[in-house]
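Just so it is clear, the values below take in all heavy atoms, side chains as well, and ignore hydrogens, waters and symmetry mates.
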Amino acid sequence: MALDALAVLDGHGVSAAHLVGASLGGVLGQWLAVHHPERVLTLTALTTTPMDNDPGRRAAIRRARRLVEVSYDRASDYAAARQHDLAGARFGDDRYAALSAISAPPW
């Protein structure tokens, strides 16, 4: 999906853009900022998680487990939620790049 975003920019003749992404879109923006920094002028990531594999962040995610459990208990459309999870699961190992590689300034 991140490469699709680059294709849209290419199709419109845009060499670099200000990116805004929410949830999975925020992760896609992080991936683009790490792997194609020349295409990202600024990055605004909303309601998303870091894409790197830092052990400290993994521990913080485990402390958030209760929030996820409550959210799951309140959900009414499990199939829709599962599709969202599957989209994020299709990232390759390059998802675990260090976010310190992002050179785009914050917005």
Just to verify, what does H36 make a side chain to side chain donor-acceptor pair (under 3.5 Å) with, not counting sequence neighbours? none
Partner residues of A5 under the side-chain contact (heavy atoms from CB on, under 4.5 Å) criterion, sequence neighbours left out: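 So A5 forms a side-chain contact (heavy atoms from CB on, under 4.5 Å) with L32.
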Determine the minimum heavy-atom distance between L28 and A2, stating which atoms define it.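 Shortest heavy-atom separation between L28 and A2 comes out as CD2-N, 3.8 Å.
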Interatomic spacing from CG in L3 to CH2 in W31 - rounded to 0.5 Å: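 So the CG of L3 and the CH2 of W31 are separated by 4.5 Å.
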Supply the atom-to-atom distance L6 CG to H35 NE2, rounded to the nearest 0.5 angstrom.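 If I round to the nearest 0.5 Å, the distance is 11.5 Å.
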Side-chain touch V20/L46, heavy atoms, less than 4.5 angstrom: yes
Any chance you could measure L41, atom CG, to H18, atom NE2, to the nearest 0.5 Å?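 Output value for this atom pair is 4.5 Å.
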As an exercise, state the distance from OG1 of T47 to CG of L24, rounded to the nearest 0.5 Å.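 One gets 10.5 Å once the value is rounded to the nearest 0.5 Å.
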Would you say the side-chain atoms of T48 pair up with the backbone N or O of S23, donor to acceptor, closer than 3.5 Å? yes
Please round to the nearest 0.5 Å and tell me the distance separating atom CG of D4 and atom CG of D10. 11.5 Å
Shortest non-hydrogen contact between A16 and V40, atoms and distance: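 Looking at all heavy atoms of both residues, the shortest contact is CB-N, 4.4 Å.
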Shared-cluster residues of V8, by chain and number - hydrophobic side chains joined below 4.5 Å: none
Using only atom types and a distance under 3.5 Å, with no angle test, would you say the side chain of R39 pairs donor to acceptor with the backbone of V14?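 Yes, because the side chain of R39 sits within donor-acceptor range (under 3.5 Å) of the backbone of V14.
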